[in-house]
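Below you'll find the structure, written out as structure tokens, and then a few comments.
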There are 2 protein chains.
Amino acid sequence: MLTQTHAPAHAATPRGHTVLHPVRLPLTRTHLRAVNPVARKDNCENCRLHAVCVPDGLDAGERDEFIGLVFQHKRFAVGERLYRAGEAFTHLYFVKTGAFKSVMMLHDGREQITGFHLAGDMLGIDAIGDSAHPSEAVAIEEAWVCAVPYQSLMQLSRRAEPVQSYVQNLLSRELVRDQGVMLLLGRMQAEERVAVFLINLAQRFKTRGQSPNEFILPMVREDIGNYLGLTLETVSRCLSRLKKAGLIEVNNRQLRILDHAGLEQVIGAGQNHD
Amino acid sequence: MLTQTHAPAHAATPRGHTVLHPVRLPLTRTHLRAVNPVARKDNCENCRLHAVCVPDGLDAGERDEFIGLVFQHKRFAVGERLYRAGEAFTHLYFVKTGAFKSVMMLHDGREQITGFHLAGDMLGIDAIGDSAHPSEAVAIEEAWVCAVPYQSLMQLSRRAEPVQSYVQNLLSRELVRDQGVMLLLGRMQAEERVAVFLINLAQRFKTRGQSPNEFILPMVREDIGNYLGLTLETVSRCLSRLKKAGLIEVNNRQLRILDHAGLEQVIGAGQNHD
DNA sequence: CGCTATCTTGAGTAGCGTCAAGTCATGTGG
DNA sequence: CCACATGACTTGACGCTACTCAAGATAGCG
């Protein structure tokens, strides 16, 4: 299982990003700090993600109310946890920068990564039903998050219909996503799974305004394998095969998609078509 | 506002591939029929599932309002579909008797069963996010369902907090369940998957007031296999092995759990404990 | 009573996991 | 600045689990 202790604090941003605070840890978790309302509002309005995080269709007052709920942000080093399994549920979280993985754990130590969360994604919604987090969220890149107190959000959603459907839709879409993963895990072969993974990742980068055809994989091979129900070796072999087939270029974390259509044709090539 | 649930009325083979299920058709779909309010109320109050379907914590008026939303019920024969993938989303459904499976389909014909729905379970929540059903729901036993118009439910949930958290919790718990299946599909071996499946099924029968240790499997081996990411042969072999080990008795659909603790120990026996 | 769907069991095989060795990139300490 | 340590990745050899194909048993239903 993953050692929970210090991620090597040198902020392992694989890309050449300048690391702002190469803080050496003991990683004490400070609490999320509220900032004053004006600063809050500024932070959301100026945040390039506000179109993603803030619900559409609110009038000015409601919008301010929503933004007023958002607690400003906290930094997480690679390997740090936003919450742990079993922890009480109080807030929903937005990833502002960086990336997390959600991990579900079995008592015998086995772990399954159930999702990766990039900038703009929400975290913690699976905890609503039992008021406790069933999984844990681990930063896989240096990350900053914002937090929204769930109870307040629910109160607001009773007054503002857009907030209500916003939350419902988030939950429901996550359901559909998970069902897609079930399809992948249950019915697809290794190479297909990797292809689907790359295509999805590309799509997500695209909606974030980044290049869909050239990006840095935010996670290590082992995490990809875990997510896809494979070993890291199999992931590596599949990537090599896709490379040899001329569909992608890959060098460690650096990935380029050369033939998007070809990648999509990998899905369903030579399968047990029920 | 009710009778507009038009289903594409014939059970055509979606994209040309053969129908696997023993459907003796023609399965004409009649529409959901409303009954008068009094009858509606009677139907929920007298329904032995009302503790399951009707949210707790409502005052008398709200409770009547909720029940007033419930459209009375429609019968489905084995193989009939409650909704199809792509169909517009208008209602949530409760299984009153019988059972359904949710099936996610891939363009190439592969299918993944993402869940089984027994009496008291809700169906259709994965359609909220996109106002269309991403999966289809097929009756695996003769079944009766009730329907709740989603928009009306949302309106009510803005006035009645218990309804709001009721829906949120349903969605969130379903997320957790799906993540558990991802864990199963990604990290467990065949025999473990079958054991988990039986234990879960037993638990669900128990909460329904039925015997957890002796029941009839509502689905065929192929469906179990599909759900668990296995072939029907592998499911059969696993059941035989569990039988030989003295943990269960099994005769076709008839199943008896002889050693519940032993079944639980199958999970995690000799695994790649990361 | 016979048809068909369902289930069981066996034999052979393939895909992926396991184990192992080796390369490469990055960071560290001398 | 260099030697070294470490983590990430790749590639190969081998083995096992679960899939495929096949045959036969059983049960349900008209």
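Below, read A as the first sequence line, B as the second, and so on, with proteins coming before strands; counting in each chain starts at 1.
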Under a 3.5 Å cutoff, is there a donor and acceptor pairing between the side chains of B/R256 and B/N251?
no

B/L123 to B/S102 - nearest heavy-atom pair and separation
CD2-OG, 3.8 Å

Name the orientation class of the two ring planes belonging to B/F197 and B/F116 (parallel below 30°, tilted from 30 to 60°, perpendicular beyond 60°).
perpendicular

Whether the side chain of B/R237 and the base of D/dT20 hold a donor-acceptor pair under 3.5 Å is what I'd like checked.
yes

Give a yes-or-no answer on whether the side chains of B/D178 and B/T114 include a donor-acceptor pair shorter than 3.5 Å.
no

Interatomic distance, B/M188 CE vs C/dC16 C1' [rounded to whole Å]:
19 Å

For the side chain of B/E233, starting at C-beta, report the closest nucleotide among C/dA25, D/dC21, D/dT11.
D/dC21

Check this one for me: any side-chain N or O of A/S240 less than 4.0 Å away from OP1 or OP2 of D/dT11?
yes

Going through the checks in order, is the ring pair (Phe, Tyr, Trp, His ring centres under 6.0 Å) test met by A/F76 and A/F100?
CA-CA 10 Å; A/F76 290 85; A/F100 285 84; 5.7 Å; yes

Work out how much the helix from C/dC1-D/dG30 to C/dG30-D/dC1 bends between its end axes, five pairs an end, to the nearest 10 degrees.
40°

note: A/N251, atom CG; C/dT26, atom C1'; distance rounded to Å ~ 15 Å

What is the separation between atom CG on A/N252 and atom P on D/dT6, rounded to the nearest whole Å?
20 Å

Side chains of A/V138 and A/E136: does their closest heavy-atom pair fall under 4.5 Å?
yes

Check whether any side-chain N or O of B/T231 sits under 4.0 Å from OP1 or OP2 of D/dT20, and answer yes or no.
no

Ignoring backbone atoms, establish whether A/R221 has a side-chain N or O less than 4.0 Å from OP1 or OP2 of D/dA8.
no

Please state how far atom CG in A/L217 lies from atom C1' in C/dA25, giving the value in whole angstrom units.
16 Å

Quick one: is A/T234 getting a side-chain N or O under 4.0 Å of the C/dC16 phosphate, OP1 or OP2?
no

Measure CG/A/L184 against C1'/C/dC16 and give the value in whole Å, please.
15 Å

So do the side chains of B/D259 and B/Q265 get within less than 4.5 Å of each other, counting heavy atoms only?
no

Any N or O donor-acceptor pair linking the side chain of A/Q189 to the base of C/dC16 at under 3.5 Å?
no

Which whole-number value in Å describes the distance from B/I224 CD1 to C/dT8 C1'?
14 Å

Sugar-phosphate only, base, or nothing, as touched by A/L230 at under 4.0 Å among non-hydrogen atoms:
sugar-phosphate

Rounding to an integer number of Å, can you tell me how far A/L255 CG sits from D/dT10 P?
10 Å

Do the numbers put A/K96 on top of the ring of A/F94, so that NZ or CZ is under 6.0 Å from the six-membered ring centre and no more than 45° off the axis?
no

Would you classify B/G225 as touching base, sugar-phosphate or nothing, given that sugar-phosphate means primed atoms plus P, OP1 and OP2, and contacts are heavy atoms under 4.0 Å?
nothing

Touch class at under 4.0 angstrom, heavy-atom based, for B/R253 against every strand present:
sugar-phosphate

Could you state the atom-to-atom distance from CG of A/L239 to P of D/dT11 in whole Å?
10 Å

